[in-house]
Amino acid sequence: MTIRSIILLISIFLLQINAQAQQRLQNIIWIDLEDLSPILSMYGDSTIATPNIDRLAREGVTFTNAYSTVGVCAPSRASIITGMFPVSIGAHNMRIGAPNAYAAQGVPEYEVVPPPEARCFPDLLRQNSIYTVCGGKTDYQFSPSPFSWDRSERDTDSARNQFNYPQPFFKQIHFAETHESQIWLRKNQPLLIDSSRVKIPPYLPQTEGTRRDWITQYNNLKFVDEKIGKILDALEKAGILQHTIIIFTGDHGNGLPRSKRTVYESGVKVPMIIRFPDKRMAGTRNTDLAYLMDLGPTILSVYGIATPTHMHGRDLLGKFKPTKPRQQLFFSADRFDVSYDMIRAVSNGKFKYIRNFEPRKPQFMDVSYRKKQEGVQDLYRLDSLKQLNPYGQTVMRKTKPTEELYDFVNDPHELKNLADDPRYQTIRKALKLALDDWMLDIRDMGYTPEKDIAASFWPGGVQPITESPSFTTAGGKINLSCGTPGATIGYKINGQPGWSIYTQPFAIKKGDAVEIMAHRLGYRTSKDIKLTPTDTR
């Protein structure tokens with residue numbers, strides 16, 4: 001080999017090392033707004049000005065076909081954190097937990113126990129030396145893993161604007177100000193918008209109560225946009241904006257009637273923008289069919305981590321992006337609070353097919369939580385007086401058709417059901433078959449009574465406990481194992497502030513004090529085991 005060849009190989013090697021180092025320097029911030037449909041200018045809604053979100057779109061890529069898997073928060077967040085469909089892991093009912101506020105009405109108390117291969121994607125980041133910060137909800141239908149987050153913060157302005165972490169870091173910044181509850185809790189806040197520009201969709205009554213709700217929804221969004229501007233200012237002031245990827249999303253559709261808790265576009269379509277510090281793809285629009293549960297694989301890809309094979313989510317932009325784009329998206333709706341239903345839907349990006357498995361149940365499910373909204377009260381009042389227009393009558397119908405089919409490109413409010421139209425039978429049958437295949441493929445648990453799901457997760461109504469890890473030592477290293485399938489093991493050496501995730505035997509020195517613990521999602525965490533210097537000799 002010549003000297004020139006050697007120099008060339010060394011140069012290539014150094015370039016690769018430098019590229020890897022630059023990749024590792026990337027920070028990622030996920031700005032996560034609750035209950036937000038794409039009611040923004042980059043999606044064609046010019047009702048209000050959102051200059052800071054507009055900046056993210058101008059400097060990043062806007063996903064025009066981004067969706068949640070479910071139109072409500074906890075199942076949606078279960079799918080985001082695991083990268084899996086909620087109906088495939090038993091996380092499809094809203095809300096699950098122990099103690100359960102609905103236990104008196106017969107809702108079982110339990111937590112979801114995902115399959116043993118499931119992990120919270122921040123665990124995988126931490127295994128690869130990425131510092132993780134949770135700035136909001138851990139509403140996953142199971143208790144958060146003690147190993148997922150290096151740091152948990154409240155969703156306050158001071159915490160949102162704090163970035164003094166070991167680098168690289170992944171930080172979730174959460175905003176509850178756009179949540180459904182804030183429509184009644186923040187309705188008397190000063191107006192930041194021109195309320196005369198707010199329009200009400202045709203399927204809701206054009207009442208003052210409904211109008212106030214929609215004005216508050218936009219006003220809350222405007223309030224959050226100003227907060228996002230302060231985050232961008234803080235990043236620039238800290239000198240790390242040029243090293244930080246910013247992801248902006250909702251968690252499902254608006255917290256308004258016929259949006260949240262539905263499989264219509266207004267319930268599951270969300271904004272998604274990804275801004276890269278080098279401005280790649282700045283100002284572009286990505287039309288791929290995308291899910292929020294793709295966030296985990298996409299974030300992992302930034303750090304060179306391949307998408308785990310069990311995940312249903314996929315890398316959207318990185319080197320692990322599949323070559324074949326998605327052809328369909330699938331959605332679900334099941335129990336909400338104490339009201340049970342089962343609805344499944346599939347979309348091909350133009351048509352949506354909906355199957356109502358319990359058509360004798362009403363369209364507008366009885367969810368007491370949302371009855372504090374004036375517009376919801378107006379719906380019930382006008383329905384009782386039989387004064388709703390035909391579209392409003394559909395919202396409040398007491399039974400549902402078994403099948404629905406909408407051309408939502410030409411009928412964006414999904415008002416005209418084409419399921420019985422002879423001209424659309426080919427597309428109806430094709431989407432129906434695709435839905436059947438998907439439900440079988442992912443082993444949809446919607447057919448299983450919730451009490452049976454709960455019994456399989458918590459036998460006898462008792463939460464299983466993760467086995468305590470065991471250890472062996474040899475050659476100055478400690479080896480850890482746990483008898484619970486799917487458990488993650490964490491350890492601390494000499495009282496370090498946070499847990500390290502165990503991946504392989506690690507070195508110990510004479511006199512080291514080691515603490516170990518194990519946790520499987522849905523299980524109780526094992527007891528801590530503290531190894532004395534004598535144990536680790």
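Keep in mind it's a predicted model, so treat the numbers as computed, not measured.
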Hey, mind stepping through Glu34 and Lys137 against salt bridge (Lys or Arg N to Asp or Glu O under 4.0 Å) and telling me if it holds? CA-CA 10 Å; Glu34 293 203 60; Lys137 274 192 171 181; 2.9 Å; yes
Separation between CG (Asp123) and CD1 (Ile130), nearest 0.5 Å, reads 13.5 Å
Atom CZ of Arg397 with >12 non-hydrogen neighbours under 6.0 angstrom: yes
I'd like to know whether the aromatic ring centres of Tyr291 and Phe85 sit less than 6.0 Å apart in this structure. yes
Could you point out which residue of Arg126, Arg520, His519 forms a side chain to side chain contact (heavy atoms under 4.5 Å, CB included) with Ser145? His519
Considering residues, nucleotides and ligands other than Arg381, do more than 12 of their heavy atoms fall under 6.0 Å from its CZ? yes
Relative to each other, are the rings of Trp149 and Phe170 parallel, tilted or perpendicular (30° and 60° limits)? parallel
Evaluate the side chain to side chain donor-acceptor pair (under 3.5 Å) criterion for residues Thr69 and Ser79: first the C-alpha distance (whole Å), next the side-chain angles of each, then the deciding distance (0.1 Å), finally the verdict. CA-CA 7 Å; Thr69 54; Ser79 70; 3.1 Å; yes
Partner residues of Lys372 under the salt bridge (charged side-chain N to carboxylate O under 4.0 Å, His left out) criterion, sequence neighbours left out: none
Could you tell me whether a side-chain N or O of Asp444 sits under 3.5 Å from a main-chain N or O of Leu440, the two making a donor and an acceptor? no
Kindly indicate, with the supporting measurements, whether the criterion salt bridge (Lys or Arg N to Asp or Glu O under 4.0 Å) is fulfilled by Lys400 and Asp341. CA-CA 11 Å; Lys400 306 184 289 290; Asp341 206 341; 3.0 Å; yes
Would you verify whether the NZ or CZ of Arg428 falls within 45 degrees of the ring axis of Phe351 while also being under 6.0 Å from that six-membered ring's centre? no
What pairs with Arg314 under side-chain hydrogen bond (donor to acceptor under 3.5 Å, both in side chains), at least two apart in sequence or on another chain? none
Take Tyr523 and Glu111, measure what side chain to side chain donor-acceptor pair (under 3.5 Å) needs, and give me the verdict at the end. CA-CA 8 Å; Tyr523 281 45; Glu111 288 185 17; over 6 Å; no
How long is the span from the CG atom in Asn128 to the CG atom in Leu300, to the nearest 0.5 Å? 8.0 Å
Donor-acceptor contact present, side-chain Thr82 to main-chain Ala78, <3.5 Å: yes
Listed once per pair and sorted, the side-chain hydrogen bond (donor to acceptor under 3.5 Å, both in side chains) pairs that draw on residues 83-98, sequence neighbours left out: Arg95-Asp139
For Tyr406, does the six-membered ring have the charged nitrogen or CZ of Lys352 within the cation-pi criterion, i.e. under 6.0 angstrom from the centroid and within 45° of the normal? no
Apply side chain to side chain donor-acceptor pair (under 3.5 Å) to the pair Asp452 and Thr448, showing each step before the final yes or no. CA-CA 7 Å; Asp452 294 338; Thr448 306; over 6 Å; no
Check the pair Asp294, Arg326 against salt bridge (Lys or Arg N to Asp or Glu O under 4.0 Å), reporting the backbone distance first and the verdict last. CA-CA 12 Å; Asp294 296 331; Arg326 281 194 183 95; 2.7 Å; yes
Taking the six-membered ring of Tyr340 as reference, does the cationic atom of Lys361 (NZ for Lys, CZ for Arg) lie under 6.0 Å from its centre and within 45° of its axis? no
Counting heavy atoms not belonging to Lys429, are there more than 12 under 6.0 Å from its NZ? no
Neighbour count above 12 (heavy atom, 6.0 Å) for Phe408 CZ: yes
Would the distance check show the side chain of Gln141 and the main-chain N or O of Ala91 forming a donor-acceptor pair, the cut-off being under 3.5 Å? yes
Mind checking side-chain hydrogen bond (donor to acceptor under 3.5 Å, both in side chains) for Asp334 and listing every partner two or more places apart, or none if nothing turns up? Arg344
Any donor-acceptor pair under 3.5 Å from Gln393 side chain to Lys386 backbone: no
Euclidean distance, Asp251 CG relative to Ser76 OG, rounded to 0.5 Å: 5.5 Å
Of Glu180, Gln377, Glu374, the one forming a side chain to side chain contact (heavy atoms under 4.5 Å, CB included) with Asp213 is Glu374
Side chain to side chain, His413 and Pro202, heavy atoms closer than 4.5 Å: yes
Please check if atom NZ in Lys451 has more than 12 non-hydrogen atoms from other residues, nucleotides or ligands closer than 6.0 Å. no
Go through the structure and list residues passing side-chain hydrogen bond (donor to acceptor under 3.5 Å, both in side chains) with Arg211, not counting sequence neighbours. none
Both conditions, 6.0 Å and 45 degrees, for the charged tip of Arg258 above the ring of Tyr264: are they met here? yes
For the pair Thr466 (side chain) and Arg524 (backbone), establish whether a donor and an acceptor sit closer than 3.5 Å, ignoring hydrogens and angles. yes
Nearest 0.5 Å, please: how far is CZ in Arg119 from CD1 in Ile501? 9.0 Å
Are more than 12 heavy atoms from other residues, nucleotides or ligands located less than 6.0 Å from atom CG of Asp437? yes
Going by heavy atoms in the side chains, are Pro201 and Trp214 under 4.5 Å from each other? yes
Hey, is the main chain of Glu265 close enough, under 3.5 Å, to the side chain of Glu414 for a donor-acceptor pair? yes
Using the ring centroid of each side chain, check whether Trp438 and Phe330 are separated by less than 6.0 Å. yes
Do Arg77 and Tyr140 meet the cation-pi criteria used here (NZ or CZ under 6.0 Å from the six-membered ring centre, within 45° of the axis)? no
For the residue pair Phe357 and Tyr447, does the interplanar ring angle fall in the parallel (under 30°), tilted (30 to 60°) or perpendicular (over 60°) class? perpendicular
Rounded to the nearest 0.5 Å, how far apart are CD1 of Ile183 and CD1 of Ile215? 12.0 Å
Could you go through Asp35 and Asn254, starting from their C-alpha distance and side-chain angles, then the distance that decides it, and tell me whether this counts as side chain to side chain contact (heavy atoms under 4.5 Å, CB included)? CA-CA 5 Å; Asp35 299 19; Asn254 287 337; 5.9 Å; no
Could you tell me whether the side chain of Leu292 reaches within less than 4.5 Å of the side chain of Thr249, counting heavy atoms only? yes
Is the NZ or CZ atom of Arg186 both under 6.0 Å from the centre of the six-membered ring of Phe223 and within 45° of that ring's axis? yes
Atom pair CG (Asp45) and OG (Ser37), whose distance is rounded to the nearest 0.5 Å: 10.0 Å
Sidechain-backbone polar pair: Asn356 side chain, Glu358 backbone, donor-acceptor under 3.5 Å: no
Identify, with sequence neighbours excluded, every residue that meets side chain to side chain contact (heavy atoms under 4.5 Å, CB included) alongside Asp337. Tyr102, Val367, Tyr369
So, does Asp155 use its side chain to make a donor-acceptor pair with the main chain of Gly135 at under 3.5 Å? no
Report the C-alpha distance between Asp32 and Gln172 in whole Å, list the side-chain angles of each, state the deciding distance to 0.1 Å, and finish with yes or no for side chain to side chain donor-acceptor pair (under 3.5 Å). CA-CA 7 Å; Asp32 164 39; Gln172 175 196 9; 3.1 Å; yes
